[in-house]
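So the structure is just underneath, and the comments pick up after that.
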Amino acid sequence: MATAKKKPNKKKPAAPKRKTTTGKVKPVKKAVKPAAKGKKKTAVKRTVAVKTKSAIRGKGAPTRKVSSPAAKKIASKAKSTPKVKAKKPLPRVVKAAAVKAIMPAPPKAIAPVAGKPKAVMTVEEKPAAIQPAPKMEKAARDVSYNPQAIESKWQAKWEADGLYRAVIDNRKPKHYALTMLPYTSGDLHFGHWYPMAPSDARARFMRMNGYNVLFPIGFDAFGLPAENAAIKRGIHPKVWTYKNIENMRRQLRTMGTMFDWEREAISADPEYYKWTEWFFIQLFKQGLAYRKMSAVDWCPNCNTTLAREQVWGENRVCERCGTPVIKKDLEQWFFKATKYADELLNFDELDWPERVKTLQTNWIGRSEGASVIFRTEAGDPIEIFTTRPDTLWGATFMVFAPEHPLVDKVTTDAQRNEVEAYKAQAARQSDIDREAVDKEKTGVFTGGYAINPVNDARIPIWIADYVLMSYGTGAIMAVPAHDERDFAFAKKYDLPIVEVIRPEPSPLHPSPSGRGDGDESGEKEGGMKAAYIGAGVMVNSGPFDGTKVNDQKGRKNPGISAVIDWLEQRGVGKESVNYRYRDWLISRQRYWGAPIPMIYCEAHGWNPVPEDQLPVLLPDDVEWKPTGESPLKLHPTWKNAPCPVCGEPSTRETDTMDTFMCSSWYHLRYLSPKYDMGPFDEAEYNYWMPVDTYTGGIEHATMHLLYTRFFHKALRDAGIVEGNEPMLQLRNQGIILGGDGDKMSKSKGNVVAPDELVAQHGTDALRTYLMFAYRWQEGGPWNSQGIDGTSRWLRRVWTLFTDQTRLGAAPDETKRILRRRVHQTLRRVTRDFEDFEFNTIISSLMELLNEMYKAREAGAVGSNEWKEAQEIYLKMLAPVAPHVAEELWSQLGKPYSVHQQAWPKVDEAAAKEDMIELPVQVNGKVRDRITVSADAGEDEIKSAALTSETVQKYLEGKAPKKVIVAQRKLVSIVV
RNA sequence: GGGGCGAUGGCGGAAUCGGCAGACGCAGCGGUCUUAAAAACCGCUGGGCGCAAGCCCGUGUGGGUUCAAGUCCCACUCGCCCCACCA
């Protein structure tokens, strides 16, 4: 990710504001959005807030005061749960029984503990005599860390208590944390864990900071892979998909995330796609959905259309049979996304990575220039787009794309055979062949001529495949003197070259253009050796001779600006902006997708299905094997429907929608997945939206992330949603590759299955490993060996926290240092959570643990400082390793749950160093270190440095030329 | 061709403003414990010279700015990503 290149800790420009001096964070966001739909609150400028420390802290622990029904339930439940008093431990026998009750089938690993087996035997001998132990965490105390047992135990308890239910609570600031929903491909691998586990940790962190956090999950369930699997294995796509969901749901739960499962949404559920259809209709009503002939990728062997992602490789072959894909024209539904092109280029309200913004900007590809109307000799208008209207007088020929609609009309009989042959050849070529840059340009003269509107010059019309029908207007004016492609073409086919921009001679470059000779006139063709692209003075340009042009585009160029004004006055052209961005083609000739809810009537054309008849259900009994037609078209009855206008028998649209349509609004469905009066419950919308933090892969930069922005803006204009952007803050994680450095994929066999590793190391060790092993934004190749590191660390945490035997009396200094380290770590961990720097969160916690081990050796156990250290440590551990933190928290006798505790506050006074060690450099080399008081003045430091024996030695009796004291950093002496 | 990002030990990576490079961890080596292994624990671990104290070199390459550069500037090399006959 762009902003995280070299200095991961560097602040991103729009990221949360932090006051450098105090470490305080400014609240930058209003907690709750004013409701009032319809009233356009255009100025809802909300800078992204990651956290508002002052707002959420300071008033005690906000988590104590729970108000939501679910939370109340938790609170009362926790209270009513019978508690074993720590001071009155149960007899050993009972304890062992409880262990047994809570840990179903404890792995062998924990069995051989001295003394224990005996107790267990007692239980087995006289089970009836023992009171059933209350199911409580306290009893589960065990000497060795057994992640699997505590993880499943706590997961069950959290679930039962509804600990992660997120309900509207107006007394708390909300935080909508969203992670990209998984596609239902079958198995959850580390590609899924990698964004999710750290996102979960951060959501938990936000929650501890007093936010009411919504962190939902769902499944992107429609799409081609399901259909392909169905074709391959003969399983119905629906069956395959829902079976996968079940498995993935189970796997997601083992991750120990705080997902609110009550809000799960599945895009293939009729309750979901009903609203996907409804949205289509709203866009249709807005005039944003339209039908047009368009070329699609078509496999002539499978006899079916293919989606872009099904066309593989450089030579563009069908993913199933390997046949080269061809283009075929079909009537398709489009969304007018280009209407929002300019608005989509505006990222002012977004805290998104620069990289994504750049990708979207390039993808939209805005270029400024003019559109100019040339004419055929017969008088037909030929619109062209040019970024260089200042070179209009140098247009010596025109080039049409072979598919241009006027080609047939302008072609003369003499040229017809040649033109037809060229057209046929171009049609056969794949896009890649055609667009290969290094390919020599080819073309054919049509025999026709066009009239240049600026000077009435009669210029020949050619066709060539370097002109694309898909960009601009499919026709160009060719100015060989000032365009490299046109130049090459003119040279090859011996077409005239007229210079119209002459570089201004400078003392250094008397003849700076590509012309071989400065004296030579541009009017003489062949004088130029290359096209000249730069700035200069217009020549051979009628009224504009002598006008200066610079190398800017659009109105910033005086020459271009003047010509545009002139064109507009004469009515032959106008200022114009062209985009590379295309309208969104949403038709898929496929079965497994949301039906497009439209009906075609001979008399009334296309009309939407009446909204009270939604959803248009996808029938189960279809032939989904590829036949060359949309599967729904082949269904005997499905497509028959009455015209919504006249009621006469009519035909449904049998294409389905692109799955990106489903995922464009899933964040809205999470708000109220069971709601049936609309796509979402307005109250939920008003409280939760917009998404505050969105995490996911950068591969969606120009797809999902652009579609969803378009979609939101379209819905805004339809009065359905508010605000200009759906997701305020975006953070991209990198990609986890297979151990071999290749992308993880089933076909390569380098996919690492989390299930096995969970069984081996436990979820907490895996979660923390994913956070620790890479810079989150970068990712990298998988290496299972490294898990030993975090696994060992958690075991060491366990050991230190469960062994309370080494009580001692540590000197005050030791305790003070411990406290300092704790608060320094807290400061750093807090900052790193804010900045998504997960790897240094873990390393800081590891360091602190090492310090605590030292403090234990020094006898700190039992002191207040030690207790505080333990408490803060577990709170910091809670977001990253939720299970072990909860277990140890409960073993310390603290109130359930650690996940409802308030994030601790840094005691800046305690965190402050009192003595600091400064390196002393002599001529740039470190020669000594001095220890001074942390707030020693410059003079004090200077004299301490100069009196050092070692420094004296290096000074060799000479007086220092210069002594630089960098406060709290170092001393530099120049001799 | 255009644009973006990156390059730090055997490996993953640390290094707020230009201020002790290599934190933390993996792997490796040596040791303690053990009948043994595993686990755990302790120590070493960028390179070179040296018995040692210590000295020199070192953040892709070459320059520059500075008392001081992994960090800033210029030029380059390599790698990855995106766009690409874009008119």
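Scope of the values below: all heavy atoms of this structure, side chains included, with no hydrogens, waters or symmetry mates. Below, chain A is the first sequence line, B the second, and so on; all start at residue 1.
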**Message:** Please convert RNA chain B into dot-bracket. A pair counts if it is Watson-Crick or G-U wobble with both distances under 3.5 Å; crossing pairs go in [ ] and bases paired with another strand get |.
**Reply:** (((((((..(((......[....))).(((((.......))))).((((....))))..(((((..]....))))))))))))....
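The separation between A:Leu737 atom CG and B:C11 atom P is 17 Å, rounded to whole Å. Atom C1' of nucleotide B:C80 and atom CZ of A:Arg775 are separated by 14 Å, given to the nearest angstrom. Note: CD1 (A:Ile698) to P (B:C81) measures 13 Å, nearest angstrom.
Listed by chain and number, the residues in a ring pair (Phe, Tyr, Trp, His ring centres under 6.0 Å) with A:Phe772 amount to none (sequence neighbours excluded). For A:Trp793, there are no ring pair (Phe, Tyr, Trp, His ring centres under 6.0 Å) partners, not counting sequence neighbours. The side-chain contact (heavy atoms from CB on, under 4.5 Å) check on A:Pro195 picks up A:Thr179, A:Gln733, with sequence neighbours excluded.
Taking every side-chain heavy atom of A:Arg355 into account, B:C81 is the closest of B:C55, B:C67, B:C81. The side chain of A:Thr358 lies closest to B:G3, out of B:G19, B:C56, B:G3. Across B:C67, B:C55, B:C57, the shortest atom-to-atom separation from the side chain of A:Lys925 is found for B:C57. With distances taken from any side-chain atom of A:Ile964 to the nucleotides B:G12, B:C67, B:A87, the minimum falls on B:C67.
Between B:C76 and B:A23, the two C1' atoms lie 32 Å apart (nearest whole Å). Going from the C1' atom of B:G46 to that of B:C78 covers 22 Å, rounded to whole Å.
Close to B:G1, at under 4.0 Å from its OP1 or OP2, lies no side-chain N or O of A:Arg485. For A:Arg968, no side-chain nitrogen or oxygen approaches OP1 or OP2 of B:C17 to under 4.0 Å. OP1 or OP2 of B:A40 lies within a sub-4.0 Å distance of a side-chain N or O belonging to A:Arg795. Contact between the side-chain N/O atoms of A:Tyr471 and the OP1/OP2 oxygens of B:A87 is found at a separation under 4.0 Å.
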Please list, for nucleotides 23-27 of chain B, all pairs of protein and nucleotide N/O atoms separated by less than 3.5 Å.
{"residue": "B:A23", "atom": "O2'", "partner": "A:Glu847", "partner atom": "OE1", "Å": "3.0"}
{"residue": "B:G25", "atom": "OP1", "partner": "A:Asn850", "partner atom": "ND2", "Å": "3.4"}
{"residue": "B:C26", "atom": "OP1", "partner": "A:Arg792", "partner atom": "NH1", "Å": "2.5"}

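Applying ring pair (Phe, Tyr, Trp, His ring centres under 6.0 Å) to A:Tyr769 and the options A:Trp782, A:Tyr194, A:Phe190 leaves one that passes, A:Trp782.
Within the nucleic acid shown, A:Leu359 comes within 4.0 Å of sugar-phosphate atoms alone, with no base atom in reach, counting heavy atoms only. A:Gly443 comes within contact range of no nucleotide atom at all, as no heavy-atom separation falls under 4.0 Å. Using a 4.0 Å heavy-atom distance criterion, A:Tyr954 is classed as a sugar-phosphate-only contact.
Within the cation-pi definition used here (under 6.0 Å to the ring centroid, within 45° of the axis), A:Arg580 qualifies as a partner of A:Trp363.
With a glycosidic angle further than 90° from 0, B:C72 counts as anti.
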Tabulate below the donor-acceptor pairs under 3.5 Å that side-chain atoms of residues 846-854 of chain A make, not counting sequence neighbours, or state none.
{"residue": "A:Asn850", "atom": "OD1", "partner": "A:Arg796", "partner atom": "NH2", "Å": "2.8"}
{"residue": "A:Glu851", "atom": "OE1", "partner": "A:Arg821", "partner atom": "NH1", "Å": "2.9"}
{"residue": "A:Glu851", "atom": "OE2", "partner": "A:Arg821", "partner atom": "NH1", "Å": "3.4"}
{"residue": "A:Tyr853", "atom": "OH", "partner": "A:Arg796", "partner atom": "O", "Å": "2.8"}

